[in-house]
Amino acid sequence: MTAIPIYNVMVLPHSYIYFQTQNFRSLAGNEVQQGDHILLLILKEETGRDQIRPDSFYPIAVEGSVTEINAEGYLVVRTGNRARVEEVHVDEEARITVRTSSLYDVDDLDREDSRKRLLEIKAELKELASRFRGGNVMQTMIDQYSTIQEVAAILSPWLSISNEERYAVLREDRLSVRFQMLEKIIYEYAEVTKVTTDAREQQQEDYQKVYREQALQKQIDYLQKELDEMHPEKVSDLRKLELKIGESGMNETARRECEKVLNRLKQEGMNGQEAGMLYDYLDFMTSLSWKKEEPKEIALDQAEKVLDEDHFGLKKVKERIIQQIAVMNLKKQQSGSILLFVGAPGTGKTSIGKSIAKALGRKYARVSLGGVRDEADIRGHRRTYIGAMAGRIMDGIQKAAVSNPVMVLDEVDKLSSSYNGDPASALLEVLDPEQNNSFTDHYMNVPYDLSDVLFICTANSVDTIPSPLLNRMELIQFQGYTPTEKFEIAKRHLLPKALSSVGLTEENVELTEDALRTIISDYTREGGVRGLKKRMDTLCRIAAVRSVRGQGEKIRVEKSELRDFLDMHPLNHREVKDEGKPGVVTGLAWTAVGGEILYVETLPTKGDGKITITGQLGDVMKESAQIAVSLVKSMFPDRISVFKENDIHIHVPDGSTPKDGPSAGITLTTAIASLVTGHAVTPRIAMTGEVSLEGDVNPIGGLPEKLMAAQRAGVRKVLLPKDNVDDLRDVPEEVREKLEIVPVETVEEVLKLTGIKSAAAAQA
Ligand code: ADP
């Protein structure tokens with residue numbers, strides 16, 4: 001009897017085992033023939049033929065005979081009784097000889113019961129087979145099995161049980177227990193198979209459901225559209241939103257986000273707790289314009305005309321805007337460099353932004369950044385916040401209802417940062433052409449393309465604008481208007497507008513030229529025309545009342561009547577005095593609201609040379625004062641006793657606005673020199689310039705504003721740094737004409753021009 005070692009095959013007595021002939025031969029060797037008696041030895045673990053030893057086997061084996069060696073490549077073994085392995089011998093050529101003894105089953109099976117149970121098992125397996133393709137063949141096969149062993153044997157290749165578990169069945173003597181064990185194994189197999197096929201079926205069903213849903217949805221949409229068209233008045237809010245989302249042309253990400261929110265809204269219903277928030281979101285998103293506008297070719301002449309119509313003067317500004325439009329035409333772009341308009345309030349920065357929009361035929365949006373401290377003001381609040389809103393930029397875009405408005409960002413210098421993030425860095429992203437095509441507002445939570453927006457920023461001063469932001473923009477100065485320009489602006493623009501806003505025309509009211517000039521000189525004090533505009537408005541309101549009372553008679557406003565019409569005192573005009581005093585000198589300052597004259601005052605008090613500085617001065621001005629003192633000490637060694645016996649108090653009355661420091665160097669020096677020499681300098685000489693310890697006069701900024709202020713205040717002569725002579729080009733002709741402008745290089749020259757040096761020399 002040939003002993004054949006086998007592993008991981010369900011070997012049961014009185015049953016069949018099917019092998020692949022190839023596999024069987026490699027186990028048994030070539031000599032096995034049909035009809036041979038064999039002994040199937042069960043290996044404890046998978047072992048190569050040459051490594052087999054006597055103790056590689058379990059002690060119970062099964063006898064059998066090869067009943068069929070099939071041409072299609074399989075081989076059938078009919079098993080018989082079990083046998084106890086008494087002794088195994090393995091020779092050098094790995095031939096196995098075995099001595100066995102007989103082993104008997106304990107036949108305690110209830111035939112009737114087991115027959116019923118087998119029928120049940122078969123029914124279960126047949127049901128399982130029906131789920132597979134070709135299942136009916138299997139069903140017939142199952143019908144033919146008459147014992148549970150046969151059933152288990154045929155399932156053997158699919159059973160996921162271990163070699164040990166299989167052997168445990170074989171080892172069992174009692175038939176009833178063996179039946180139970182097999183029954184359990186088979187049911188387990190059936191369960192596992194069912195679950196996996198169920199899952200597969202479920203998956204298939206899911207797919208089918210999706211396809212069906214899509215098809216149905218299409219039908220519903222179609223029918224709904226027909227219904228909506230028949231009864232437009234009945235279209236529900238939700239339905240309207242749905243339609244709007246569909247028509248908005250929004251990008252894929254935005255559409256998905258909106259659909260998500262819409263579904264939530266549908267689940268919640270319009271009365272749900274969050275419904276308001278969800279509705280507002282969708283309303284916001286659908287009212288944004290998602291359409292890209294085609295760039296339009298702008299006729300430069302036409303644009304120029306529009307700009308001239310709305311604003312008087314501002315020649316340089318208008319030129320720069322025309323250049324920008326030309327570049328946009330050439331590059332077929334809708335935006336270009338970001339312009340930053342800097343100047344005093346009321347110089348037309350914001351309103352010219354509006355005119356630019358008009359000239360370009362585009363929508364205008366204005367976003368005020370004054371006092372913005374929170375990053376969310378720019379970038380929006382996340383929707384998880386109660387009362388969340390979009391940031392100001394997207395809010396402006398939504399109000400403009402186009403994707404390419406001209407957007408004026410007002411007062412960028414008034415941004416400040418706080419613990420709530422840095423709004424300037426958010427703004428940086430808005431203005432960065434590399435990033436702003438996918439600007440993501442926190443509220444929207446999806447990107448929006450800002451690259452077609454033409455941004456214009458305005459500021460009173462560049463000092464407080466963070467430099468990364470400043471670097472991104474191109475600075476254009478608005479210098480403030482001369483009295484003549486103000487006169488023209490009032491006549492051509494402010495007065496006609498003020499009249500029409502109260503329903504009057506120039507037919508009804510006449511403002512004499514003399515009166516207008518007086519308003520400009522005595523009732524306003526500013527670089528821009530905001531105050532002037534207010535005066536015009538007041539005047540027109542009073543005129544309106546008089547006109548109604550006087551039944552339409554033409555009203556003439558004379559200079560003498562201004563007190564009544566404007567109901568205010570003339571502003572005490574800051575005209576310089578005629579007489580000077582030693583130690584007091586007129587300087588010129590630049591402030592955020594335009595130029596101003598200032599007086600540097602000095603006073604000696606008994607002491608030992610301490611310097612006290614008061615007034616609203618920056619640190620830089622304090623340093624300038626120290627330099628001034630040192631310079632005077634070295635230039636007037638014979639007056640050094642003044643410093644030894646006195647403290648010196650330096651004061652710069654601050655007026656209403658803080659002044660920048662560095663341009664007062666020569667003024668401070670002159671004031672102290674005037675003090676120590678006792679020589680008074682006429683207040684009609686004003687000066688501006690920084691000094692070095694060597695006595696050189698260094699250049700300053702804001703010259704046009706300063707000279708305008710000097711001229712307004714009645715200054716005759718202005719000393720300014722030689723290096724600033726180029727800037728005189730920016731100073732209006734009428735201002736230059738009225739001033740004697742003297743460029744200086746050294747403090748020495750300054751002191752000579754003010755008469756101090758020669759007075760001192762004469763005294764000495
Ligand atoms: P800013 O933004 O510089 O503070 P605005 O643009 O608000 O100033 O201007 C204030 C008012 O003065 C506006 O009514 C504007 O139309 C008017 N205005 C300013 N400059 C001019 C000008 N050059 N021509 C006509 N009107 C002007």
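Because only heavy atoms are used, hydrogens play no part in the values below, and waters and symmetry mates are left out as well, while side chains stay in. Each ligand, and each atom within it, is numbered from 1 in the order the structure gives.
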Quick test of your reading of the model: are Asp395 and Lys399 salt-bridged, counting only N-O distances below 4.0 Å?
yes
Do NZ/NE/NH1/NH2 and the carboxylate oxygens of Glu561 and Arg556 come within less than 4.0 Å?
no
List for me each residue that meets side-chain hydrogen bond (donor to acceptor under 3.5 Å, both in side chains) alongside Glu506, sequence neighbours excluded, and say none if there are none.
none
Sequence neighbours left out, what passes salt bridge (Lys or Arg N to Asp or Glu O under 4.0 Å) with Arg382? Give chain and number order.
none
Under a 3.5 Å threshold, yes or no: a donor from one side chain and an acceptor from the other, between Ser451 and Asn436?
no
Extract all donor-acceptor atom pairs below 3.5 Å that involve side chains of residues 292-300 and protein atoms in other chains or at least two apart in sequence.
from: Lys292; atom 1: NZ; to: Asp449; atom 2: OD2; distance (Å): 3.2
from: Lys292; atom 1: NZ; to: Asp452; atom 2: OD2; distance (Å): 3.1
from: Lys296; atom 1: NZ; to: Gly361; atom 2: O; distance (Å): 3.2

Run through ligand 1 for me and note each protein residue having a heavy atom under 4.0 Å from it, chain first, then residue number.
Asp310, His311, Phe312, Leu314, Ala344, Pro345, Gly346, Thr347, Gly348, Lys349, Thr350, Ser351, Tyr481, Ile489, His493, Lys497, Val529, Arg530, Lys533
